[in-house]
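Please read the structure below before turning to the comments.
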Amino acid sequence: MTNKKYILCIFLSVLAFNLSAQFEFNWGAGLGIHQVGSRYAPGLVVAPRVNIMDLSESASLAIGTKASFIYFSLAEGSRELPETRIGFDAPIFAMVNIGREANDYSIEQMGFVVGIGYSFGQMTLSGDNYEEIVKADGVCLMGGLRFQAFGNRSMGVNVSQTFGRGTHRESLNSLSVRLLYYFGEQ
């Protein structure tokens with residue numbers, strides 16, 4: 001074996017040990033507002049996360065998503081304001097969690113999350129004899145705040161910005177703001 005293969009085997013062994021020794025699954029759900037180009041719509045959010053490494057008693061490294069299903073129907077349909085908007089936003093992040101909801105051991109009142117990843121998004125706008133598909137994908141940055149709510153349960157506010165390409169490879173950024181409720185004991 002070459003040196004690169006030895007290094008790869010050692011890295012995968014350490015990663016496998018960390019995944020099996022410190023595997024934690026956390027998730028949340030909520031509502032979001034999503035913007036792709038000049039179009040925006042509300043959506044339902046599911047936010048699963050797997051902690052792959054505990055950095056301390058109140059910090060972790062994780063991989064997760066804040067995936068959204070977007071559907072909105074306006075009362076009046078016209079060419080300027082399409083009747084139905086349907087789509088999705090599916091960012092995948094590597095993230096650092098600090099404080100509340102960071103891992104099973106954290107007991108803090110507040111917490112933070114920052115992450116970087118890649119996002120895939122699409123919104124279909126349709127009305128009377130009208131349909132437009134707006135796609136956006138690219139590098140995504142995310143940040144959020146978690147706090148205690150409803151007794152000892154957790155909620156959070158999360159913002160992500162995608163710097164991407166649109167349907168016709170033009171520069172097209174998207175923004176998502178989410179309000180999440182985290183499930184599980186704290």
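Quick caveat: nothing in here was measured; it's all calculated off a predicted structure.
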Could you walk me through whether Leu31 and Leu44 pass the side-chain contact (heavy atoms from CB on, under 4.5 Å) check?
CA-CA 5 Å; Leu31 301 172; Leu44 300 175; 3.4 Å; yes
Worksheet item: So do the side chains of Asp137 and Ser119 get within less than 4.5 Å of each other, counting heavy atoms only?
Response: no
Residue set satisfying side-chain contact (heavy atoms from CB on, under 4.5 Å) with Tyr181, at least two apart, ordered chain then number -> Phe150, Arg153, Met155, Phe183
If you apply the rule side-chain contact (heavy atoms from CB on, under 4.5 Å), what do you find for Asn158 with Val113, and how did you get there? CA-CA 8 Å; Asn158 182 283; Val113 59; 4.3 Å; yes
| Got Ser160 and Phe93 here, is their nearest side-chain heavy-atom distance under 4.5 Å? | yes
dist Leu61:CG -> Ile52:CD1 (nearest 0.5 Å) comes out at 4.5 Å
Heavy-atom nearest pair, Phe120 first then Phe88, reads O-CE1, 3.7 Å
Do Phe69 and Val45 have side-chain heavy atoms sitting under 4.5 Å apart?
no
Rounding to 0.5 Å, atoms CD1 (Ile92) and CE (Met142) come to a distance of 12.5 Å
Rounded to the nearest 0.5 Å, the CD atom of Glu101 sits from the CG atom of Leu180 at a distance of 10.5 Å
Interatomic distance, CD1@Ile33 vs OG@Ser68, rounded to 0.5 Å, equals 10.0 Å
Distance col, row Met110:CE vs Ile98:CD1, nearest 0.5 angstrom, shows 13.0 Å
Taken in chain and number order and not counting sequence neighbours, the residues that satisfy side-chain contact (heavy atoms from CB on, under 4.5 Å) with Val157 are Phe147, Leu179
Across all chains, not counting sequence neighbours, the side-chain contact (heavy atoms from CB on, under 4.5 Å) partners of Leu175 are Gln35, Val159, Gln161
Smallest heavy-atom separation, Cys140 atom then Pro91 atom, equals SG-CB, 4.3 Å
Query raised in the report: Side chains of Ser154 and Arg146: donor-acceptor distance under 3.5 Å anywhere?
Result: no
The side-chain contact (heavy atoms from CB on, under 4.5 Å) partners of Ala62 (sequence neighbours excluded) come to Arg49, Asn51, Met95, Asn97
Please answer whether the main-chain N or O of Gly151 pairs with a side-chain N or O of Gln148 as donor and acceptor at a distance below 3.5 Å.
yes
- Quick one: do Leu55 and Val114 end up in the same hydrophobic cluster if we chain Ile, Leu, Val, Met, Phe, Trp and Tyr together by side-chain heavy atoms under 4.5 Å apart? yes
Sorted by chain and number, sequence neighbours left out, side chain to side chain donor-acceptor pair (under 3.5 Å) with Ser176 holds for His34, Asp89
For Phe112, the ring-ring contact (aromatic ring centres under 6.0 Å, His included) test, sequence neighbours excluded, returns none
Item to complete: For the pair Asn26 (side chain) and Ala47 (backbone), establish whether a donor and an acceptor sit closer than 3.5 Å, ignoring hydrogens and angles.
Response: no
